[in-house]
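Basis for what follows: all heavy atoms, side chains included, without hydrogens, waters or symmetry-related copies. Letters go in sequence order (proteins before strands), and every chain restarts at 1.
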There are 2 protein chains.
Amino acid sequence: MRTPPHKTIERLSQYRRALLMVHDSDKTHIFSHEIAKIIHITPVQVRRDIMLIGYTGTLRKGYNVKELIDLIGDIIDSDTMIRVCVVGVGNLGRAIINYFSGKRTKLSIVAVFDSNADKVGKKYSGIPCHDIAELDEVIRQEDIKVGIITVPADQAQITADRLVKAGINGILNYAPKSVLVPRDVHLEEYDMITSLEKVAFYVKSD
Amino acid sequence: MRTPPHKTIERLSQYRRALLMVHDSDKTHIFSHEIAKIIHITPVQVRRDIMLIGYTGTLRKGYNVKELIDLIGDIIDSDTMIRVCVVGVGNLGRAIINYFSGKRTKLSIVAVFDSNADKVGKKYSGIPCHDIAELDEVIRQEDIKVGIITVPADQAQITADRLVKAGINGILNYAPKSVLVPRDVHLEEYDMITSLEKVAFYVKSD
DNA sequence: AGTCTTTTGTTAATTATTTAACAATTAAAG
DNA sequence: CTTTAATTGTTAAATAATTAACAAAAGACT
Ligand SMILES: NC(=O)c1ccc[n+]([C@@H]2O[C@H](COP(=O)([O-])OP(=O)(O)OC[C@H]3O[C@@H](n4cnc5c(N)ncnc54)[C@H](O)[C@@H]3O)[C@@H](O)[C@H]2O)c1
Ligand SMILES: NC(=O)c1ccc[n+]([C@@H]2O[C@H](COP(=O)([O-])OP(=O)(O)OC[C@H]3O[C@@H](n4cnc5c(N)ncnc54)[C@H](O)[C@@H]3O)[C@@H](O)[C@H]2O)c1
């Protein structure tokens, strides 16, 4: 099967989040328009995405929740566990560690780093905090493949460089400063202000 | 001028973030390829966006940083200050309040809410925390137009309902559960797990 | 049993977004 | 002063993403 479009990948993750919640209830099947409503998209889009990944529901019964969850896993999850670290254990870092812990079976935050001696040696949501100086060593030992950056903006680039040097393959950067990485390192960046300004823009021109 | 495409609005916000940083240095002008490098897009895209908003740079000198910042402000900012509140002062809420404070001239977080009595009455980054029961009253008094949700997932919908009832026009939801709002309320949602799963997907299939 | 309604799966059409191409212009170099 | 290289602005082409259209199947209803 051809690898699905970027946007579909993104939505698959959202579908699964929604499906996992539905699965906790007693529903075994779900219609495209029900999924659509949760994600705020159209039912056609849902059906098209599901078609793209080669799943078929049952006519007039909808999609089997469990099966669809598993299939999405087959597509977007790695075979093996992907190990992740967080650099910078401030408010945002802690929010992320705490939110994420145990949420997914194929992704796991296994180490966090900070430069503040008061934090080093402590555990956050059960994950040990290492000194930033040990980053290289720990990343190699723990076989960490993805790093999340939550340090102050002026430390973002140097942190990214360290992560790259240690052999990481993907970075998720929350510091409000874009970082430069080699082309073979996959980079995602997110800035809340962009989202807020977007809301504000559409609010004002209502 | 026609209102720019959604994606351009998003990038304008990013351009401005980058330009503000450049402006702090002594550079007065910047080339499209320099902006492009910071945002990780192509120079053509940058020029096209700038064309769309009707700005013209000087040939072989690039764009005037200050002018471009101001023009982007004219497009995406509101004439008047847009007042924002945050509901849920946990790790994430505090990270947001702290990060955002004072960053933009036309957007301001003026109130935060929590249900925990220990937090009510305190100030966070200078912003007073009110009891959630006073939400309606404070939002009307303070003329708040946008709400940011950072409460636990199971409180997300009820919080959204409260905000809508109080007359808010836009919501930025960070709780990992989609909320339903009337069509005239602009909604943005973001979930870190989607970003992380995206990174993981592209990392594994490298 | 036959009709109606719902819902999927898929192809085609439409719309949105990005990328390419290139003329025009200007600063710098010789 | 002429040539060269760099850079913008814009139109056209290509690509990506969404939406529409609709046939086929299956349960519900009579
Ligand atoms: N992208 C977003 O939407 C968003 C939202 C909120 C905050 N932020 C940003 O995220 C970052 C963290 O925010 P926060 O509120 O947690 O800040 P914070 O100050 O509470 O935490 C920063 C942490 O990083 C550590 N640190 C500093 N330099 C370091 C280094 N070189 N190596 C390792 N650790 C280092 C500090 O000791 C601290 O623990 C900031 O850059 C902030 O602007 C982004
Ligand atoms: N979208 C993301 O990327 C992302 C990342 C991290 C965390 N989260 C989510 O953000 C939310 C907050 O995370 P956190 O780490 O700050 O959690 P937290 O538990 O530290 O904070 C939640 C706060 O909300 C308050 N609260 C609870 N119910 C409330 C209500 N009905 N009204 C008002 N206040 C209420 C609590 O008193 C607490 O202060 C959680 O839902 C978490 O899953 C999302």
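Of the residues in residues 185-203 of chain A, none lies under 4.0 Å from DNA chain C by heavy-atom distance. A heavy atom closer than 4.0 Å to some atom of DNA chain C occurs in B:Arg48, B:Leu59, B:Arg60, these being the qualifying members of residues 48-75 of chain B.
In this structure, B:Gln45 places its CD atom 12 Å from C1' of C:dA16, rounding to the nearest Å. Note: NE2 (B:His6) to C1' (C:dT18) measures 17 Å, nearest angstrom. Remark: P of C:dA20 and NE2 of B:His33 are 17 Å apart, rounded to the nearest angstrom. Following rounding to the nearest Å, B:Arg47 (CZ) and C:dT18 (C1') show an atom-to-atom distance of 13 Å. Between the C1' atom of C:dT8 and the CD atom of A:Glu34 lies a distance of 14 Å, rounded to the nearest Å. Going from atom NE2 of B:His29 over to atom P of C:dT26 covers 14 Å, rounded to whole Å.
When all heavy atoms of B:Glu189 and B:Ser178 are compared, the closest pair comes out as OE1-OG, 2.8 Å.
Between A:Val44 and A:Pro5, it is A:Pro5 whose nearest contact on DNA chain D lies nearer the 5' terminus.
Between B:Asp136 and B:Arg162 no salt bridge is recorded (no basic side-chain N to carboxylate O distance below 4.0 Å). Between A:Asp77 and A:Arg16 there is a salt bridge, since a side-chain N of the basic residue sits under 4.0 Å from a carboxylate O of the acidic one.
Among residue pairs with one or both ends in residues 74-115 of chain A, those qualifying as ring pair (Phe, Tyr, Trp, His ring centres under 6.0 Å) are A:Phe113-A:His130; sequence neighbours excluded. Pairs engaging residues 3-22 of chain A under the ring pair (Phe, Tyr, Trp, His ring centres under 6.0 Å) rule: A:His6-B:Tyr202 [sequence neighbours left out].
Running 5' to 3' along DNA chain D, contacts with non-hydrogen atoms of chain B at under 4.0 Å begin and end at D:dA5 to D:dA12.
In this structure, CD1 on A:Ile30 lies 9.0 Å from NE2 on A:His33, to the nearest 0.5 angstrom. Between A:Asp114 atom CG and A:Ile132 atom CD1 the span is 7.5 Å, to the nearest 0.5 Å. Here the straight-line distance linking atom OG1 of A:Thr58 with atom CZ of A:Arg60 works out to 12.0 Å at 0.5 Å rounding.
Side-chain contact between B:Pro182 and B:Val164: present, with at least one pair of heavy atoms (C-beta onward) separated by less than 4.5 Å. Residues B:Leu107 and B:Val84 meet the side-chain proximity criterion, which asks for heavy atoms closer than 4.5 Å.
The residue B:Thr8 sits apart from the nucleic acid: no heavy atom pair falls under 4.0 Å.
Contacts of B:Thr42 classified as side chain to side chain contact (heavy atoms under 4.5 Å, CB included), with partners at least two apart in sequence or in another chain: B:Val44, B:Gln45.
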